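Quick caveat, the model's predicted, so the values are computed rather than measured. Proteins get letters first, then strands, A, B, ... in listed order; numbering begins at 1 in each.
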Protein chains: 2
Amino acid sequence: MNLRAPVTLLDVAQRAGVSVATASRVLNGGDRVPRPELQERVKAAAEELGYTPNAQAQALAKSSTNVVGILVHDIEDPYFAAIANGVMRAADERNLLVMLASTFRDAEREIAYLASLRAQRARAAVMIGSRRTDAESLARTASEVGSFLNSGAGLALVSQSGMPAHTIEPDNRAGAAALARELVGLGWRRFAVLGGPDTLATARDRRDGFLAGLADSGLEPVAIESGDFTRDGGHAAIERLLDRGVGADCVFAVNDVMAVGAMSALRQRGVDVPGQLGVAGFDDIATLRDVWPGLTTVRLPLEQMGRRALELAIHGGEPTTETFRAEVVLRESTARA
Amino acid sequence: MNLRAPVTLLDVAQRAGVSVATASRVLNGGDRVPRPELQERVKAAAEELGYTPNAQAQALAKSSTNVVGILVHDIEDPYFAAIANGVMRAADERNLLVMLASTFRDAEREIAYLASLRAQRARAAVMIGSRRTDAESLARTASEVGSFLNSGAGLALVSQSGMPAHTIEPDNRAGAAALARELVGLGWRRFAVLGGPDTLATARDRRDGFLAGLADSGLEPVAIESGDFTRDGGHAAIERLLDRGVGADCVFAVNDVMAVGAMSALRQRGVDVPGQLGVAGFDDIATLRDVWPGLTTVRLPLEQMGRRALELAIHGGEPTTETFRAEVVLRESTARA
DNA sequence: CTGTTAGCGCTTTCAC
DNA sequence: GTGAAAGCGCTAACAG
C-alpha cells in the first residue's frame, strides 16, 4: 500500500472479471442482485484493492446526495450546540452526513454558506437561531432561502418564523409569561428585565412574554435594560442597571448565559443572590445546571427541537410550524428567604 | 422562478453564445482569461439564469474538493466545541466547507465517519479527542487512518499521539504538575485525585502529571478515584470518595466538567468549597468561568489548537507534533482562608 | 441475471 | 483568445 492510487469501480470490476454495472450493483445495493458467486468475487476484489466509492461521482450520477447542512451562529454557544446535537443525532440515524457552519453571527456568511450548501446539492438544511429583523439582510436571506428551496432541497428553521419553510418555534412568550407568574407567586414584586438586542425576535418575545405575565398580576417592570444576547451582554446590562440604582428585587435575563454573566457581576458588586436580588434566565443550558445558586430558568427541549427540525427538513412538503412548549424550572436563584 | 430547474453551465454558455469552456473559464477563474466582452455576456447569462455551479461535478472533474472534516466525541461538550470552533474559523478563512461529525464516543462511528470523509474525497480532516487505549479499536482506527492518509488527504489529531499524522498535544503532564506545585505552594497538603477512565491518555497524563508535581514536594495523594470523563463522572467519583471518608483537603479533577460535577455534589453534601475542601479542574472552559466559587484550573489555548490542527492537516507533509503549553489559573475554589 | 452504453456537470488538454 | 472533445467515477436505462 503505497502512494495515492485511486481505485475505481472499473478496477474492481476488471479484477473480478465482471462489468462495472455488476460491480456497482453488488457494491452499492441496487435493483437486480447478481448471483452469489459473482457477489463474492466482486466483494473480494473490492476488499483486496481497498476500493472506496467516490461519493462525488455517485452524487453526480444519481443527482442526489446524503449531505445535510446545519447553520448556527456560534457552535460554542451551548444553546446552539444542544440543538445542533439533536440535528446530528437524527442525521446519524438516517446515515446522513452533516455539514456544519458557524456563521459567527454574520448575515453575509450565513447567506454564503446556504449558497455553498446549494452548490453541494445538499439534501436539506437546518438553520438555527433567531434572525435579526434588519430589513435588508432579511430580504437577502429570504432570497437565498428561496433559491435553496427552489433547488429542491428541504429546509427547516429553528426560532425563526417568516420564511416559507418548516419552522420550529420554542414557545418563548408563553414560557416567559409562565415564569413571570411563578415568580410573582413566589412573592417577588419589583422586576427588572435584561433584554437582548431588539432586532432579535427571540429576545423580544421572551421579554414581551414576561411583561405579559407580570401584567396578569397587574404588575409592571421597574426597569428594562438591553444588552447583547451573550454572557458579557448580561454582565454589562446588570451593571448599568445597578449604576442607575433602580430598586428591583428580581431580575429576568432573556437567556441563561446573560443571567450567568449578570450573576457574576452581582457577585463582584457584593449583591447577594437571591438574598438581595433574585435572578432568572431562560433555556436551561445543561452545562450551567451546576452554577450556584442554581439558576431558575425556563427549559426548552433543545435536542428534540433539533431532531424534529431535521425530520421536517428532509421530509419536505408544505411549510409547517411546530411549537415546542417551555417549562419553568425553579431553583435557588429565586428562592425567597 | 418555479419548480426545480437545474441550470447548468451549458445553459449559461448557450445563452451567452459561447462554448462551455469559455463559460467555465470566466465563471470559475481559470487559466486563460476570455476577452472582457465575453466575460460580461457570460456573467450576465449566469446571473439571469440563476446559475449555481454543481460542486459535485466540479469535484469530480478536478478530483479535489474544498471539504474538510472534523471528528469530535461530543459537540455539546464545551471542550470539543471550543477546539472545533478554532478549526471552523481557520476553515472559514480558507473558504473550506466543514463536515462535522459527533461520534458520541463510539469508536465504530468514528471509523465509519472517517471512511465517509474519504469517500467524499475530503481534502483533510481533524480528529479531536483522546483515543481509548483499547488495543483492538485502536488497531482498527489506525488502519482507517492509514487508508485515509493513503488517499492523499491530510490529517491532524488533537490530543492523540501514536498515529502517523500531525499531532497537536496539550501539555497535560506539565500543566497538571504545575498546578500541583502551585496548590502545594498555597498550603494544601492532602490531595485526592478524581481521575478519568484509565483508557484515556489525556486523563492518565493529567493524573500522572499531577502526581509528579506532588512528588516534587515529596507528597503523595491520599486517594485516587476514577470516574467517567464527564460531569456525572465527577459527581459520582467525589461521592464515593466522601463515602470512603479519606481525609483530603483538596481535590483535583482531571477536567473542568468533572470538577463542576464534584462541586455540585459537595454542595449537596454540605461541604464548603474551599473552606472544607479545595477543588481544581483542567481546561478552563469558557462557559464555566462564571461558576462560584471560581474554579481553579489549567488553561489550554483550545481555539488556537483547533486552528493549528487545521493548518497542519491541509498543509500535509511529514507528521509533526506540536505541544501547546497549559497555564495555571488560580481562582477562589482553592483559596486558603 | 449481466453487460453496453449513454449520460450526470464541469474541467482541461489540444487544436484552431 | 476560443472551441471541440475527452474524460472524472459512477448509475441507470436498455439490450441481450
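As a whole-Å value, the separation of B:R41 CZ from D:dG1 P is 16 Å. Atom pair B:L60:CG and D:dC8:C1' shows a separation of 4 Å (rounding to whole Å applied). Here D:dG1 presents its P atom at 11 Å from CD of B:Q39, a figure rounded to the nearest Å. In this entry the distance linking CG of B:L9 with P of D:dG3 reads 13 Å, nearest Å. Separating the CD atom of B:Q56 from the C1' atom of C:dT11 is a distance of 16 Å, rounded to the nearest angstrom. Going from atom CD of B:Q58 over to atom C1' of D:dC8 covers 13 Å, rounded to whole Å. For the pair B:E37 CD and D:dG1 C1', the computed distance is 12 Å after rounding to whole Å. For the pair B:R121 CZ and D:dC8 P, the interatomic distance rounds to 13 Å; values are reported in whole Å.
Under a 3.5 Å cut-off, the side chain of B:T65 and the backbone N or O of B:R121 do form a donor-acceptor pair. Using a distance-only test at 3.5 Å, with no hydrogens or angles considered, a donor-acceptor pair links the side chain of B:S102 to the main chain of B:I75.
Of the residues in residues 14-21 of chain A, those with a non-hydrogen atom less than 4.0 angstrom from any atom of DNA chain D are A:A21.
DNA chain D is contacted by both B:A61 and B:P36; B:P36 maps to the nucleotide lying nearer its 5′ end (nearest heavy atom per residue). Along DNA chain D, the nucleotide closest to B:P34 and the one closest to B:K62 are compared, and the more 5′ of them pairs with B:P34.
Defining each end axis of the helix from C:dC1-D:dG16 to C:dC16-D:dG1 as the rotation carrying four pairs' C1' atoms onto the next four, with five pairs an end, the two axes are found to diverge by 40° to 10 degrees.
Shown are B:R308, B:R307, B:Q304; of these, the side chain to side chain contact (heavy atoms under 4.5 Å, CB included) with B:I168 is made only by B:R308.
Residue A:S24 has no polar side-chain atom (N or O) positioned under 4.0 Å from OP1 or OP2 of D:dC10. The phosphate of D:dT11 (OP1 or OP2) has no side-chain N or O of A:R25 nearer than 4.0 angstrom. Distances shown here put every side-chain N or O of B:N28 at or beyond 4.0 Å from the OP1 or OP2 atom of C:dC10.
One finds a salt bridge joining A:E37 and A:R41 here, because a Lys/Arg side-chain nitrogen approaches an Asp/Glu carboxylate oxygen to under 4.0 Å.
Among the heavy atoms of the strands, none lies under 4.0 Å from A:S63.
Residues B:Q120 and A:Q56 meet the side-chain proximity criterion, which asks for heavy atoms closer than 4.5 Å. The side-chain heavy atoms of A:V42 and A:Q39, taken from C-beta on, include no pair separated by under 4.5 Å. No side-chain heavy atom of B:M305 sits under 4.5 Å from any side-chain heavy atom of B:I128. In this structure, the side chains of A:D77 and A:R105 come closer than 4.5 Å at one or more pairs of heavy atoms.
When each of D:dG1, D:dC8, D:dC10 is scored by its nearest atom to the side-chain atoms of A:N54, the top-ranked nucleotide is D:dC10.
Counting non-hydrogen atoms of other residues, nucleotides and ligands closer than 6.0 Å to CD of A:E93 gives a total above 12.
Of the N and O atoms on the side chains of A:S151 and A:R118, not one donor lies less than 3.5 Å from an acceptor on the other residue.
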